[in-house]
Amino acid sequence: MDPIVATKELSFRVGFSGHSGHLRIEPLSTVERSSPIRSLPDFILPPAFPKETPETIKNYIEETYLQPRLDPDEFSPEKVGRQWDFDWFEMAKVSLDPSPPRSVVVPTWVLPFERPKKDGAAGGTWEPDSRQVDVSELNVETQESGSQPRVPGPAKDFVRGSINNRPFRPGGLDDSQSIDRILPDAASNGEWVHEVLNGGPAQFISPILKQGLDLGDLKEYPNSWTVYENQSSSSFKTSPIENLQSELSVQFDDLFKKAWEEDAIESVEDGVCAGQSPKAESIKSEAQVRELEAISIAPAPGISALDEILSLESGGFSLSSDQATDGGAQKKEAWVVVGGREDISLRFHDLVPDMALDFPFELDTFQKEAIYHLEKGDSVFVAAHTSAGKTVVAEYAFALATKHCTRAVYTAPIKTISNQKYRDFCGKFDVGLLTGDVSLRPEASCLIMTTEILRSMLYRGADIIRDIEWVIFDEVHYVNDIERGVVWEEVIIMLPRHINIVLLSATVPNTIEFADWIGRTKQKRIHVTGTAKRPVPLEHCIFYSGELYKICESEIFLSHGLKSAKDACKKKSLSVVGGAGGSHAGASVANDGTKNRKLESFNRNKQNKHSGSQNLGNFSGTSWGNQKNGEGHNNWGSRRSDASLWLLLINRLSKKSLLPVVIFCFSKNRCDKSADSIYSIDLTSSSEKSEIRIFCDKAFSRLKGSDRSLPQIVRVQGLLRRGIGVHHAGLLPIVKEVVEMLFCRGVIKVLFSTETFAMGVNAPARTVVFDTLRKFDGKEFRQLLPGEYTQMAGRAGRRGLDKIGTVIVMCREEIPEEKDLKHVIVGTATKLESQFRLTYIMILHLLRVEELKVEDMLKRSFAEFHAQKKLPEKQQLLMRKLAQPTRTIECIKGEATIEEYYDLYAEAEKPSNQISEAVMQSSAIQQFLVPGRVVIVKSQSAKDHLLGVIVKANMNRQYIALVLMPDSLPAQSSSSGDLEKKKQDLPQGYFMVPKSKRGLENDYYSPSTRKGSGLVNIRLPHAGAAAGISYEVRGVDAKDFLCVCSKKIKLDSGRLLDEVSNVAYSQTVQQLLDIKSDGKYPPALDPLKDLKLKDVNLVEAYKNLTDISLKMVANKCHGCIKLGEHLKLAAEIKKHKEEVNNLKFQMSDEALQQMPDFQGRIDVLKEIGCINSDLVVQMKGRVACEMNSGEELICTECLFENQLDSLEPEEAVALMSAFVFQQKNTSEPSLTPKLSMAKKRLYETAIRLGQLQAQFRLQIDPEEYARDNLKFGLVEVVYEWAKGTPFADICELTDVPEGMIVRTIVRLDETCREFKNAAAIMGNSALHKKMETASNAIKRDIVFAASLYITGL
């Protein structure tokens, strides 16, 4: 552009700049002046903006908007790890949820050894094929349980969750269920729409609101339409659906109502009737709609007309019965895949070329199969014996989570396993630990926690759930635990669908069944693998009289070994009998000691019926076995003390190199006393003693001075130095860990333990010894179960060290029976059984979310698995029942009332049976039951009762009667020739059978006959025909009489039974026919007038029956000529309705086993104010959701009644110990008056809650409920501990073991934390501060010493 001259010689130019075309004015050089520059030519300055090109525009957009940049000040290296509580979602200016694409292109996964190489060589590259899939198929992330997305919560609730969060949607729930739940019933069944179409008022108020928009009156909409047959159908071929539409005329409201009312889609098999004339029809009744449903399309059998028409709008489809059945069978096969192909093990390294974790040993077959399925992202169930290597599968799941940058959770049933696994995995993975009192590195990718913690995270909707890829359930057979087994089922049901499951279990007989339940519940395929082979074979022996007798080897029971032991027992018994005279003195001493025993010791004696009596010396007279000293049977087991018995066994094991040994005793006191009794034995070398001393000094150095000198610690250290250990729940946690670690190091040679050692510690031994095969399970003494024996015996045999593991059963007094030993040793393990039960906290958590129903939890429990599994079959059966044509009864007297008459007929049956039973059992009837009395006998076919007459009676209330048979095929009478032939075949003489074993034939039959003897000369039953009708002579019991008639006929018993006269039979039959000439039975004896019965219940039943009879007579169907036919038809209709209703009930929620219990608990929650009438959780219910340690109702009522407000923090925490203390029998604590009043008030609250639950028909005894949930045995101990009393001093206040005290106080700290959260919900700041003070008061010294597994040494 040329320069433009402006005023005052200012030159400039105008142009456009940038890709947006902005106007730009650029100044030019000024006017010429006297300057050397004049000689230079004029030039134009460069533009202010560079020239825009597509490349510069692209670079500008990328640098400005697409490249991620961080604030260098906020995201500096010095501030790594800092977290911000900044609500990014509130500050966002754009929508965070853009519409996802309908489909995406994803690569196709191919097995590694099947992948084709591009270059054809081994080192070539593989390019995967791609396919287009729907986004919904890939959308497997955590789903919200509500209709609106949930934003992540604050960082402090990331791991544990919050009561304000909704749980994530459990996997396996149908997507349609969430829609159904937010709609009222009237909206779901079409009632509201039907009202609007008929011109009724619209529903303008939302179900969650009180007011709405008034739409005014709506104009009625024409709601019927007609479809005419396509007249041009002959000119071109139409589809089956078009043919159906052309042949049918449907009224819209009937179809709409029918479609909404029926849940199941009916399928039928009849084809379309050919040859219909083209016409328009109008279907306006439900009967015609049902007829319409019976019509189907020939090319697509099973799809009803109604389904096809509805599918035009809804797009739905249905399968026929066969198709649905086939589909169900396919699903059944899909959920569980048992075992694996052989090529998985053979070509494992080709299938998994890039393993996430390498192992330094060759994997077993089941381990390779499990790892292969983990690589494919499938869930697995591994069932194998102890020490078989199941942990390898868990480690690989951890490695996969680390590789995929996700998280994995390892759950264990008890805290000890969690601590030990944390130590084992620490060196391999990024591991964190979450238990009730410990939270270490919760941000780690691999988390180890107890199952209760995971359940709490799921209910509280912790955001960490979004990141979890694997959940590993260890010791799944613990689901059989009565108290805590329900936790496993809850967690499995609540897991979101994006989480895969790894289950590790001992061998159980119903592994497939349990895996099938998980697969159907989660809609996931479960691969079941494992091995029944033990890595170290076991041999089982019994130890008797100082000798070992092998009784089982390679899972085969050896009877000869048991026989040898019994022979030795007999020899000992004979030798004892010979010298019994010198044993009476010892017997009397033992008996005197028995008299002073406590009841508990007496019960323990019952526990060991195979144990001999021992004079234990230091055992304070405690005996373990049935004493027979008073009977003079003082055998080998009785003469030796328990200490010498243990010394003999240990020396024998030491000579055979069978140490170390774990001796299982099923009592804490038994373990302690057995270990103390062998004080003379020393099993460790000097170097081992030094190692033990150094280890103990380092372990106990973290305790303060007074705690190091506790009696238990001093005693255990003395035992450990001699190579003897004790392990049970009564030990301090730090002492138990020292024992476990030293045993794993191999310096402890003999360990006396309870069965918790087999469950909680992975420490195998060379030998396992059972002190007895009986245990006390908290309720009664019983034999060990095969699964319990297998679990403990599995600790025998160290993989890689021992070729054979040895299991020994101690026998003191006598040898167990072979069947008992077989059952325990080689018997079938206990099946996995559901222990699912409803709890209040479960109900409240699920009621917090409208989209999750408690009924869904009940349906998906293992207890309801088989019932839910049969639902498709029941649904198909229901559809077939509904598709059957309805039979109608046409009455000749107008409108049929046969149904009412049939109901009266059925109602009369109950009082009639009651009267008949009372009459036949009364003594007054005996005088009427004589030959010639007409009776009505019950028919076995139940078609029609039989008219008969008594022919002979005896004193045993047994009779011979002649009855008229229905007009079916007449039975042929026995000829006299046959009778004579039978008589000749029998031996002569009369054989008298004992009365108790005598039958009808023995009572009446004799092979020899005499005229007029009154004997029975026929075999019963005797069939024949006379007067054109069949009859039968049979033996009849008094209970077989339906009624005794008032009629009596003349007959000759001798001619009938002895002479077998055809004339006599004809006369008798003819008399019976004359009585029934009018088709009615003769009247029965009146129980009041004839029999003079005066029982109150009988008179009432008689009056009731009379009233019903009068109503039946008043009915117009009474006396109808077609009454019998119509009654049969009415019975069929009634039966059909009952079958349909029964099927509907079985498919409904009301049929669930625990539904009555659920209704009762809901009523209790309403009564105490946890929920309102609309099942909305109130503040009291939210407080109850926080209570996980104690019984939620008692804890909640305690808070809302302000029972802790008047107590000091020390007193409050002491009273709260009643919620968490477990032991039942303890010494009575000495309490202050204030604590005594608080204790009484809390106990009364528990009684009141128990009575309330019993009032709503829950199976709860108020006294037992209060005793089970409130145990005040440690109130004094905790009170003194909170005041600062040393641990050694508080142990003197009670007989509770030290380990139980520590465990109670540790759990009490968690209870304080729960009460503190509850106080925050209630807004009670004083209680919040009090709970914080109480928690700090008890959190000190040895009680909260850190675990050795966590801190190390």
Side-chain angles (χ1 to χ4, degrees), residues 189 257-270 285-296 301-307 318-329 332 855 858-859 863-891 896-910 912-913 938-945 1117 1122-1156:
N189 59 26
K257 180 179 180 181
K258 191 67 179 177
W260 283 99
E261 286 179 350
E262 292 187 357
D263 295 333
I265 302 175
E266 299 183 6
S267 62
V268 291
E269 300 176 356
D270 298 332
S285 65
E286 293 187 5
Q288 291 172 312
V289 172
R290 284 196 296 269
E291 293 177 3
L292 172 64
E293 292 170 347
I295 304 175
S296 61
I303 303 180
S304 64
L306 178 61
D307 300 333
S318 64
L319 295 175
S320 66
S321 303
D322 297 336
Q323 291 171 327
T325 304
D326 295 340
K332 180 178 180 181
E855 291 86 342
L858 293 176
K859 288 179 183 178
E864 296 287 346
F865 167 61
H866 293 290
Q868 297 295 315
K869 187 178 180 180
K870 295 178 181 178
L871 281 185
E873 301 176 8
K874 294 179 180 178
Q875 185 176 5
Q876 294 297 324
L877 180 59
L878 176 61
M879 288 189 289
R880 289 195 292 269
K881 294 284 185 185
L882 293 175
Q884 292 177 0
T886 305
R887 303 182 66 177
T888 59
I889 300 176
E890 298 179 358
C891 183
T897 59
I898 188 62
E899 293 185 2
E900 179 184 352
Y901 190 87
Y902 179 80
D903 292 339
L904 292 173
Y905 178 79
E907 186 181 354
E909 186 175 359
K910 181 178 179 181
S912 176
N913 293 338
K938 297 177 182 177
S939 173
Q940 296 179 354
S941 62
K943 292 182 179 179
D944 192 14
H945 299 302
C1117 292
K1122 292 189 175 182
L1123 178 60
E1125 177 186 350
H1126 287 177
L1127 275 178
K1128 292 181 180 180
L1129 191 56
E1132 294 179 5
I1133 296 174
K1134 187 79 172 179
K1135 181 181 178 182
H1136 180 266
K1137 289 183 178 179
E1138 290 177 353
E1139 291 176 351
V1140 170
N1141 293 334
N1142 186 34
L1143 286 172
K1144 289 182 178 179
F1145 173 77
Q1146 294 178 16
M1147 297 173 61
S1148 67
D1149 295 341
E1150 301 299 325
L1152 299 174
Q1153 295 179 8
Q1154 300 193 34
M1155 202 61 185

*Asks:* Measuring only between side-chain heavy atoms, which start at C-beta, is Leu1143 closer than 4.5 Å to Met879?
*Replies:* no
*Asks:* Give me the atom names and distance for the closest heavy-atom approach of Gln1153 to Ala863.
*Replies:* NE2-O, 3.8 Å
*Asks:* To the nearest 0.5 angstrom, please state how far the CZ atom of Phe865 sits from the NZ atom of Lys870.
*Replies:* 11.0 Å
*Asks:* Does some side-chain heavy atom of Lys1134 sit less than 4.5 Å from a side-chain heavy atom of Asp903?
*Replies:* yes
*Asks:* Could you check if a side-chain atom of Asp1149 sits within less than 4.5 angstrom of a side-chain atom of Lys859, using non-hydrogen atoms only?
*Replies:* yes
*Asks:* Would you compute the distance between atom NZ of Lys874 and atom CZ of Phe1145 and round it to the nearest 0.5 angstrom?
*Replies:* 10.0 Å
*Asks:* Take Leu1152 and Gln868 through the test side-chain contact (heavy atoms from CB on, under 4.5 Å) and record every step on the way to the result.
*Replies:* CA-CA 10 Å; Leu1152 299 174; Gln868 297 295 315; 3.8 Å; yes
*Asks:* So Lys1144 and Val1140, do their side chains get closer than 4.5 Å, heavy atoms only?
*Replies:* yes
*Asks:* Which atom pair, heavy atoms only, marks the closest approach of Glu864 to Gln1154?
*Replies:* OE2-N, 4.4 Å
*Asks:* Would you indicate whether the side-chain heavy atoms of Ile1133 and Lys1137 approach each other to under 4.5 Å?
*Replies:* yes
*Asks:* Distance check, rounded to the nearest 0.5 Å: Leu877 atom CG versus Leu871 atom CG?
*Replies:* 12.0 Å
